[in-house]
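A quick write-up on the structure given underneath.
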Protein chains: 2
Amino acid sequence: MSPPAVPYDGDDALERLLKRSGSPYDLAGLRGLVTGVEAAPRGEAPEAWMGLVAAQPSEALRAQLRAFRQVVASASPGLVSPPLAERLAALQKELSRRGLGGFIVPRADEHQGEYVAPRAERLYWLTGFNGSAGVAVVLAEQAAIFVDGRYTLQVQEQVDGSHFEPRHVHEQPPEDWIAANLPAGSKLGYDPWLHTPDGLARLRAAAVKASGSLVPVADNPLDAVWPDRPPAPLAPVAAHDLRYAGSDSQSKRQALAAALAVEKLDAAVLTTPDSIAWLLNIRGGDLPRTPVALGLALLHKDGAVELFMDRRKLLPGLDVHLGNAVAVAPPEAFGLALDRLGATGARVRVDPSTAADWIFDRLKAAGARAEQGADPCALPKARKNAVEIAGARAAHRRDGVALTRFLAWLGPAARAGGLGEIAAIERLAEFRREGDLFRDFSFDSISGAGPNGAIVHYRATPASERHLRQGELYLIDSGAQYLDGTTDVTRTVAIGAPTAEMRDRFTRVLKGHIALGRARFPRGTTGSQLDALARTALWQVGLDYDHGTGHGVGSFLSVHEGPQRISKLPNRTALEPGMIVSNEPGYYKTGAYGIRIENLIVVTEAPASGDERPMLAFETLTLAPIDRALVDTSLLTAEEIAWLDAYHARVRSELTPLLDAETAAWLIEATRPLGG
Amino acid sequence: MSPPAVPYDGDDALERLLKRSGSPYDLAGLRGLVTGVEAAPRGEAPEAWMGLVAAQPSEALRAQLRAFRQVVASASPGLVSPPLAERLAALQKELSRRGLGGFIVPRADEHQGEYVAPRAERLYWLTGFNGSAGVAVVLAEQAAIFVDGRYTLQVQEQVDGSHFEPRHVHEQPPEDWIAANLPAGSKLGYDPWLHTPDGLARLRAAAVKASGSLVPVADNPLDAVWPDRPPAPLAPVAAHDLRYAGSDSQSKRQALAAALAVEKLDAAVLTTPDSIAWLLNIRGGDLPRTPVALGLALLHKDGAVELFMDRRKLLPGLDVHLGNAVAVAPPEAFGLALDRLGATGARVRVDPSTAADWIFDRLKAAGARAEQGADPCALPKARKNAVEIAGARAAHRRDGVALTRFLAWLGPAARAGGLGEIAAIERLAEFRREGDLFRDFSFDSISGAGPNGAIVHYRATPASERHLRQGELYLIDSGAQYLDGTTDVTRTVAIGAPTAEMRDRFTRVLKGHIALGRARFPRGTTGSQLDALARTALWQVGLDYDHGTGHGVGSFLSVHEGPQRISKLPNRTALEPGMIVSNEPGYYKTGAYGIRIENLIVVTEAPASGDERPMLAFETLTLAPIDRALVDTSLLTAEEIAWLDAYHARVRSELTPLLDAETAAWLIEATRPLGG
C-alpha cells in the first residue's frame with residue numbers, strides 16, 4: 001500500500017524540512033540527486049533513496065521528498081532528442097564532422113554486464129531495439145544492426161529496416177559486413193570504454209581487411225547528439241551484513257592481496273559491479289533485478305581498495321562499514337589512479353574478457369604493465385562459504401513456500417478460466433513479497449502459456465499474453481532476491497489433461513534433470529563435461545534444446561554469474577564445492593508448448609567408502625513439487641523414480657511446517673510417491 | 001624368411017651392377033642414400049628402398065645392395081660425440097661462446113608430431129631421456145628437464161640428476177623455473193624451427209619476468225656439438241592408390257584451393273607430414289609406425305603445390321602420380337619460396353599450433369601476411385570418404401581375424417605357463433602379418449600382465465616383462481597399418497578365474513564403452529561433450545581413468561590424428577560423419593591390474609522418424625570378442641546386455657567365414673549371448 005499522495009508544498013518548505021533533518025542537501029543538490037535516483041530502477045523499495053538525503057528523514061520530509069520526486073519526474077525537458085527516424089542522420093553528421101568513416105554502437109556499457117543503466121542504452125536510443133544483446137555499425141551512407149537468434153523477430157518489429165540492415169550476429173557477423181562495406185582508407189571509430197580487448201581483435205582485423213583502420217574516440221559521438229541522455233543512476237548503497245555474507249571484507253581483501261603478491265602483481269582492476277559488491281560486502285540498486293552499485297575499483301597488493309563511486313549514493317554509515325583501507329574517490333579520478341600505478345611501473349591484473357579497452361590503453365600509456373588474467377574476485381565469489389550456503393537453503397525454503405502456494409492456487413484458478421500470464425506473475429509476486437528478507441525479484445518472470453512457453457526468452461505483454469487453457473502446458477520461470485540468497489526456479493505444469501507426447505517430452509526433460517542432479521564426479525570436472533548428461537534422454541529420440549543447462553548464481557547478487565557454467569560450450573572452470581548453478585534442461589515445440597524443469601543446485605563434497613578420487617556431487621536447493629501429471633513412469637528407471645520420490649519427500653518435509661493447512665494438504669497430494 | 005646373406009663383392013662389382021640396372025647412382029651417391037635409409041625405421045618392408053636405386057633391381061643387385069647396406073651400417077664412424085656425461089658441458093661451452101645465457105631443448109622436431117627422426121632426437125642425445133614428450137632448459141650453470149606424469153619414473157632412471165634437475169612439466173613448469181633461474185640480462189636462446197608461436201608465448205613471458213629475453217638462434221647450438229648427428233631419413237615414398245584413398249589429389253587440392261580463395265588467402269603452409277601425405281595421396285616411411293614422408297609444402301590458391309622434399313626418396317613413377325601441378329623442390333628451397341610469397345604481399349594461412357615459429361618470422365620478414373588458422377587439410381582428412389570407410393571396415397575384418405586367432409590361442413598358451421608379454425606380442429604380430437594389405441603395426445604394442453597392465457603407457461622389455469599368470473588380468477593394446485586402413489584395439493582378458501572386484505571394474509568400464517558406442521547426438525556435438533558418458537559408471541563408485549576416451553585415427557596414416565577427440569579437455573571440433581575415433585575407457589589399479597576396452601568407431605548419420613535435429617551416431621569398426629568371463633551381468637541394464645549380444649553376434653557373423661574351424665568354434669563360445 002503506497003501512502004496517500006501529498007501535494008508539493010514548494011521549494012521553501014522543502015528547504016526548511018531539509019535543514020531541520022540535518023540534510024547536507026540544498027535544493028539544487030537535491031534536484032541532481034533525484035535525477036540520478038530517477039535513472040535507477042524503482043525496484044521493491046522505491047523510497048530507500050530518502051536515506052541518502054537524511055539519516056532519519058521525518059514523516060513530513062518523506063512526504064515532501066515523494067512529492068518533489070514527482071515534480072522532478074514530470075518536469076519534462078520537452079522534446080530534446082531528435083525523433084527516432086532522425087537520430088541516425090544526426091550521428092552520421094557528427095561522424096563526418098569528426099572525420100570518422102563509421103562508428104560501432106554496442107549494447108554494452110563500461111561494465112560488460114547483462115543489464116545497463118538508461119544512460120548507456122545507446123543502441124536502443126539510436127535504433128529502437130531494446131533487446132539485451134546486439135550491436136550496430138554505422139557508416140557514412142549505411143548502417144546495420146546485428147542480433148542473435150533470440151532477437152531476429154524483435155529487431156524487425158522495433159527497427160526501421162530502411163535505416164538499419166538487420167543481420168544475424170553469428171551467421172552474418174559485423175566483421176564480414178565491415179570488411180565488405182567500410183570504404184578503403186576510412187577510420188572506423190569505437191568508444192574504448194564499451195569494448196574489451198578480446199572483443200576488439202576481430203573488428204580491427206575486419207577494418208584492416210577493408211584497407212581501413214579501427215580508431216578509439218575520446219568522446220562518444222553518439223552522446224554528443226543525444227541531448228537528453230540521462231545521468232548516472234544513484235540508487236542507495238548499503239552494507240551487506242556479515243550474517244549473510246559470511247566473510248568480512250577485510251578477510252576477503254587480505255586473501256586476494258596475498259594471491260596478488262604471489263603473482264608479483266601490484267594491483268588488480270575491478271570493473272564488474274558484482275565483484276566489487278562481493279569484495280566490499282556492499283549492495284546497491286543501480287541496475288534492474290541485481291543489487292549492485294555501478295563503480296570501478298582498484299585492489300592493491302596490501303589489501304587496500306580505491307573505490308571510484310559517486311559518494312552521493314552511499315547511505316549513512318557506509319564509510320564506517322568500508323573502513324580505513326577502502327578509500328572512496330569520484331569516478332572521474334579513476335584515470336589518474338591508473339596514472340599513479342603507471343608512474344611506479346606497476347604490474348596490474350586486468351581481465352581482458354570484462355575490462356574496457358580504455359583501461360589497458362591508459363595503463364600502458366602511463367607506464368604500467370597490464371597483466372591479462374581473470375578478475376580475482378570471480379572464483380572466490382562463485383565458491384559460496386558455509387554462511388552463504390546456509391542462507392541459500394533458508395531463502396529457498398521461503399521461495400519454495402511462495403511457489404508452492406502459487407502452484408496450489410494455480411490449478412483451480414486456471415480451471416475457472418480467464419487467467420492470463422501477467423495475472424499469474426502478479427499472484428506469484430505477491431506470495432514472494434510476503435517472505436522474510438525479500439528484497440526484489442531476480443529477473444523478470446517468464447510466464448508462458450501454450451505456444452508462448454516455447455519462446456525461450458518470452459516476456460508476457462498485454463499484447464502477447466494468453467490465457468492458461470485446459471489441455472495446454474504452462475511454464476513459469478521466476479526468482480527472487482532475498483538478503484540471504486538469490487533464487488531461480490522453473491516449473492512446467494499441465495493445465496487440465498496433458499497429451500501422451502507432452503508427458504513423453506516432459507519425462508525426458510526430467511530424466512536429464514535427474515541425471516545431472518544425481519551426478520557424482522571427481523574434483524576437476526567442468527560443467528562442459530556434465531552437460532550431455534542432461535540431454536541424452538532427448539538425444540535418444542532426436543530432440544534437444546538450444547540453451548545452456550546451467551548458469552552460476554550469486555548470493556544476493558546476479559542471478560547469472562560465472563565463471564562456471566554447465567553448457568555445450570567449452571569451459572575450463574572446474575566445479576568446486578560451494579558453487580551454485582542452475583539445472584534446467586528443457587524442450588520447446590514451436591507453436592505448441594515449452595517445457596523446462598529448473599532447480600538450483602550447489603556443489604558439495606561427496607566422499608564414500610571405496611572412492612579412489614575426491615568426489616563431488618550436487619545438493620538440490622530449490623524446493624517445489626514437479627508436476628506428477630506430466631511424468632510417464634514407464635520411461636523412468638527405478639533409480640530415477642527413487643530420486644523423484646526422495647526429492648518430493650524432502651520438499652514436503654521442509655515446506656509443510658511453513659504452510660497453511662490447505663496448501664499443506666495440496667502438497668501431500670502433489671508429492672505423493674510415484675511408486676504408490 | 002630373410003634371404004641368405006651374400007658377402008659384399010666390392011665397390012667395382014656394385015658399380016657395374018648399378019650401371020647394368022640403369023641406376024642413376026654412383027657409389028658415393030649410393031652411400032649417401034643408404035646413410036639416409038639407415039636413418040629411417042626398418043619397418044616391415046626393409047628392402048623397399050632398393051626401388052629408389054633402380055626401377056627393377058636384379059636379384060644380383062639386390063643381394064649386393066643388401067651387403068653394401070651392411071657395410072655402411074657397420075662402418076662405425078668411431079666415437080665422435082662426447083660421452084653422455086660430457087654433452088651438457090659441451091653445449092654450455094657453445095652457448096657461452098655465442099653469448100647465450102641459456103637454451104631450450106624440446107623433444108619436438110620441425111613437424112611437431114608424436115615421432116621424430118633420429119637426427120631430431122636432441123633431447124635424448126643431450127640427456128639420455130627417450131620418452132615421447134619432454135623439454136630441457138640449459139643455463140650456464142644449471143639445467144632442468146621437464147616431463148609429464150607418464151615419465152616421472154623413467155626420467156629418474158635415464159637422466160643424471162646431478163646434471164639435470166627432473167621436474168613435472170605441469171606442476172613445476174619450465175616457465176616457473178626460467179623465471180626463477182635465468183640471470184637478469186641473459187639471452188635465453190631457442191631454435192625457431194622447433195617451437196610454435198602458441199608454445200613460445202609463455203616461455204617469452206617467463207624470460208621477461210626474469211628480466212632477460214628470449215631470442216631465436218639461426219643455427220642450433222646443440223647440433224654444433226653433436227658431430228655424429230644422423231642425416232635426414234630417406235625411406236621410399238610411394239603413391240597411395242585411389243582405390244584406398246577414394247579421392248584423387250587434384251580433387252582434394254581444388255577443393256582446398258577454393259576454400260582458400262573464399263578467405264582471400266593466397267596460399268597455405270603445410271608442415272605436418274600426414275597432411276601432406278593425405279593431400280598428395282602419397283605414403284612414406286620416415287617415422288616409426290606411421291607411413292609418412294617428412295617434408296614441407298605450400299598449397300597455392302590455384303590448387304598448385306610446391307613440395308619440399310628430398311627427391312632421392314621418391315620411387316620411380318611418383319612424379320607422374322603427382323602430376324604437373326605439384327612441383328618438387330629441395331627442402332632448402334622452402335625459405336626462398338616463402339620470400340617469393342612475401343614479394344607479392346601474399347596472405348598465407350599458417351597453423352600456429354603446428355607450424356614452426358621460423359615460418360611466421362620468415363613470412364613476416366619477407367612482406368607476407370601470416371594469417372593464423374587451422375591446417376586446411378586437418379578437417380577433410382579427418383572426415384573419411386566412403387571408400388576410406390569401406391577400407392576401414394575391410395581392414396578391421398582382417399585385423400579382427402588376427403586378434404581372434406590370438407585370443408583363441410592365448411588361453412591355452414597362458415594355462416600351459418611360461419608365456420611372457422613379449423612372446424604374446426610376437427604371436428599376435430605373426431597373425432597380423434598374414435593379413436592382406438598389411439604394411440606395418442600402427443604403434444608398439446602394449447602387452448601388460450597383472451600389475452604391468454596398470455601402467456598406461458607400458459612397453460614390455462626383457463627386464464620388465466612378466467608371465468601371464470592364472471588369476472591375473474592381461475591387457476593388450478595393439479594395431480596395424482593396412483593399405484586400406486589403420487587399426488587400434490585393446491582387449492583385457494582374464495587368465496584363469498578373475499576376482500569379483502576385477503569383474504565389477506571391468507563391467508563398469510564396459511558400461512562406459514557401451515554408453516559411448518551407442519550414443520546418439522545432434523550434429524555439432526564435440527567429443528568433449530560425450531566424454532563423461534564413458535566415465536559415469538566409474539564415477540558412481542569414486543573411480544576414474546587419467547587419459548582421454550578417444551583419439552582420431554587416420555586412414556593408413558597416423559593412429560593419433562586430430563582435430564577431433566573425446567576427452568575431458570575442451571575441444572571445439574564437432575564430430576562429423578566419417579570421422580574415426582577410438583572408444584577406450586579404462587581402469588587402472590596400481591600394482592594390481594589394468595583394464596581397457598578399445599574399439600574404433602566411425603561417426604555416421606543416424607536419422608530416425610520423429611527426429612527434430614540431424615542426428616549422428618557411431619558404427620563400431622573393431623571386430624573382436626570382449627571377455628565374457630569379466631562381465632558381471634547383474635550390473636548391466638537390459639539395453640547394455642542387448643548391445644553386447646548384438647556386437648558379439650556381428651563379430652561372429654563377420655569373422656566366422658574368414659576363420660579356421662577350430663578358431664570359429666572358439667569364437668562361437670566367446671560370443672555366446674549373455675542372456676542365454
Side-chain angles (χ1 to χ4, degrees), chain A residues 179 205 208-209 263-264 347 369 371-372 501 504-505 515-516 518-533 535-546 567-574 587-590 606-617 637-639, chain B residues 179 205 208-209 263-264 347 369 371-372 501 504-505 515-516 518-533 535-546 567-574 587-590 606-617 637-639:
Chain A
V208 169
K209 210 164 175 176
E263 298 191 56
K264 294 184 182 151
R347 298 182 68 228
R369 289 235 304 268
E371 302 285 347
Q372 303 203 347
E501 182 192 276
D504 176 272
R505 301 311 191 240
L516 184 60
R518 64 191 286 267
R520 270 188 105 216
F521 49 92
R523 249 182 206 276
T525 301
T526 68
S528 305
Q529 291 174 249
L530 299 184
D531 178 78
L533 302 182
R535 299 183 192 268
T536 46
L538 288 164
W539 287 353
Q540 212 60 42
V541 292
L543 311 176
D544 200 0
Y545 52 94
D546 288 327
S567 132
K568 293 182 174 188
L569 298 173
N571 180 307
R572 291 189 177 264
T573 305
Y587 169 75
Y588 309 92
K589 183 164 180 173
T590 305
S609 83
D611 286 356
E612 295 180 357
R613 315 272 172 138
M615 300 299 293
L616 304 177
T637 65
E639 288 86 357
Chain B
V208 169
K209 210 164 175 177
E263 297 190 58
K264 295 186 182 149
R347 297 182 69 230
R369 288 238 303 270
E371 302 285 348
Q372 303 203 346
E501 182 192 276
D504 176 272
R505 301 311 190 239
L516 185 60
R518 64 191 286 267
R520 271 189 104 216
F521 50 92
R523 249 182 206 276
T525 301
T526 67
S528 305
Q529 291 174 249
L530 300 184
D531 178 79
L533 302 182
R535 300 183 192 267
T536 45
L538 288 165
W539 287 352
Q540 212 60 43
V541 291
L543 311 177
D544 200 0
Y545 51 95
D546 288 326
S567 128
K568 293 183 174 187
L569 299 173
N571 181 308
R572 291 189 178 266
T573 305
Y587 170 75
Y588 309 91
K589 183 165 179 171
T590 305
S609 83
D611 286 355
E612 295 180 356
R613 314 274 170 134
M615 299 300 292
L616 304 176
T637 66
E639 289 86 355

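Below, chains carry the letters A, B, ... as their sequence lines are ordered, and counting in each starts from 1.
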Next on the checklist: As an exercise, state the distance from CG of A:Leu543 to CZ of B:Arg520, rounded to the nearest 0.5 Å.
Outcome noted: 9.0 Å
Checklist entry - Heavy-atom distance under 4.5 Å to chain A: side chain of B:Ser609, backbone, both or neither? => result neither
Checklist outcome for this item: Residue set satisfying side-chain contact (heavy atoms from CB on, under 4.5 Å) with B:Glu639, at least two apart, ordered chain then number -> B:Arg518, B:Thr637
Checklist entry - Which heavy atom of B:Pro570 sits nearest a heavy atom of A:Arg572, and at what distance? => result CG-CG, 3.7 Å
Item to check | A:Lys568 to B:Pro522 - nearest heavy-atom pair and separation | outcome: NZ-CG, 4.4 Å
Item to check | Top of A:Thr526, A:Asn571, A:Leu569, A:Val541 for chain B proximity - count of heavy-atom pairs under 4.5 angstrom | outcome: A:Val541
Checklist entry - Mind checking what makes side-chain contact (heavy atoms from CB on, under 4.5 Å) contact with A:Ala515, not counting sequence neighbours? => result A:Leu533
Checklist entry - Taking every heavy-atom pair that is under 4.5 Å apart, which of B:Lys589, B:Gln529, B:Arg535 has the most such pairs with chain A? => result B:Gln529
Next on the checklist: Checking side-chain polar atoms at under 3.5 Å, does A:Glu612 have a donor or acceptor matched by the opposite partner on B:Tyr588?
Outcome noted: no
Checklist entry - Are B:Phe521 and A:Asp544 side-chain neighbours, meaning at least one heavy-atom pair lies under 4.5 Å? => result no
Item to check | A:Asp546 and B:Arg613 ion-paired at < 4.0 Å | outcome: yes
